[in-house]
Amino acid sequence: MPELPEVENTRRYLIKAGLPGSTFAGADVGWPKALKTPALEDFVLGLLGRRVERIDRQGKYLLARLDGGATLILHLGMTGGLRVQPASQPAHPLVRHTFFLNDGRELRFIDGRKFAKMWLVDDPKDVLPPLGNDPLGDDFTPATLSAALKGRNAPVKALLLEQSIVAGMGNLYADESLFLSGIRPSRPAAKLSKREISKLTDAVKSALTTALAAYNISREEQWPDPPMGMQTWSIPRKEGAPCPRCGGAISGTRIRARGTFFCPKCQR
DNA sequence: AGTACGTCCTGATCGC
DNA sequence: TGCGATCAGGACGTAC
């Protein structure tokens, strides 16, 4: 499940693979429902002949800035992954979309579960939902997080998952952040103390930067394989497994229908 | 406005 | 060992 670290590493992978500078020579959209806008014909025509100038990330969205001013937006959903490969190389069986490049390579969009999404727009603001501060940026502070949680009585984990509060947060890093900060996922957000908000802010930054760094160090030699399947969790995602801090049994529950794991001793 | 839940999807995993 | 049942969850629409 690509969350911020995986999406950011995908961005770095695309840059390393030389997608910026390449020009689209066509596109094969194999799962039309993934294309949100525009209609298929305009999507293909709009990409044709356009060169990728830059690749940005906003939350979990990848934005390929094209010459001429348009932006190709990709969201990896839960099982999405991207690869830039020679057309002659056999494609992964779960490739749903193929973007042909003018250098004989292809940008291949893998997406087993078909939850990924694509847009081609003049202004990303027209289609992107409101996104909160990026937790890796300077604007993500105890003050801004506290303000975002003010008056909210939903479980803190549910709010961490809202992209309008923490852009790029996902289920696994939410559990990780709450474990690192010793806060139980079910706690009403507004009841967190100032000190807890501060610890949570640090934990979110720490969980995400650790994941990014772990990938870059341990998998660097594997580039250009896609950055997926990172496993840098402190907390086991298995009920009854031993807590790495106290040795007690990890509890499993569901919050907003999302699998949630925490240590009942370490997280209060 | 805030909160909760169903829906979309299918590969991977579980359990008998 | 095999196979059907269940699980996984990001974002959105709907409902209360």
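Chain A is the first sequence line, chain B the second, and so forth, proteins listed ahead of strands; every chain is numbered from 1.
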Strictly below 4.0 Å: does [X] bring a side-chain N or O up to OP1 or OP2 of [N]?
X	N	answer
A:His75	C:dG10	no
A:Gln163	C:dG10	no
A:Arg256	C:dG9	no
A:Lys60	C:dA11	yes

ask   = Does one hydrophobic cluster hold both A:Leu131 and A:Phe140, with members joined at side-chain heavy-atom distances below 4.5 Å?
value =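 Result: no, two separate clusters.
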ask   = With distance as the sole criterion, do the side chain of A:Arg258 and the base of C:dA8 form a donor-acceptor contact below 3.5 Å?
value =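 Check fails, no donor-acceptor contact within cut-off.
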inquiry  = Using a 4.0 Å heavy-atom cut-off, does A:Lys117 contact any base of the nucleic acid, only the sugar-phosphate backbone, or nothing at all?
reply    = nothing
Heavy atoms from C-beta onward define the side chain here; which of [options] lies closest to that of [X]?
X	options	result
A:Leu159	C:dA8, B:dT3, C:dG10	B:dT3
A:Leu94	B:dG11, B:dT3, B:dC9	B:dG11
A:Asn153	B:dT3, B:dC8, B:dT10	B:dT3
A:Tyr61	C:dC12, B:dT10, C:dG10	C:dC12
A:Asn171	B:dT3, C:dG9, B:dT10	C:dG9

Using atom [atom1] of [X] as one end and atom [atom2] of [N] as the other, report the distance to the nearest whole Å.
X	N	atom1	atom2	result
A:Arg254	B:dA4	CZ	P	15 Å
A:Met169	C:dG9	CE	P	15 Å
A:Lys150	B:dG2	NZ	P	12 Å

Distance-only polar pair, side chains of A:Asn171 and A:Lys157, donor-acceptor under 3.5 Å = yes
Short side-chain donor-acceptor distance under 3.5 Å, A:Ser181 and A:Glu196 = no
query = Which residue lies toward the 5' end of DNA chain B, A:Arg96 or A:Lys238, if each is placed at its nearest nucleotide?
reply = A:Arg96
query = Between A:Arg113 and A:Ala257, who's closer to the 5' end of DNA chain B by nearest nucleotide?
reply =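 Nearest nucleotide further toward 5': that of A:Ala257.
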message = Closer than 3.5 angstrom, by distance alone: can the side chain of A:Lys114 be matched with the main-chain N or O of A:Arg96 as a donor-acceptor pair?
response =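 Such a contact is absent between A:Lys114 side chain and A:Arg96 backbone.
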inquiry  = By a 5.5 angstrom centroid cut-off and a 30 degree plane limit, is there stacking between A:Phe115 and C:dG10?
reply    =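 A:Phe115 vs C:dG10: stacking yes.
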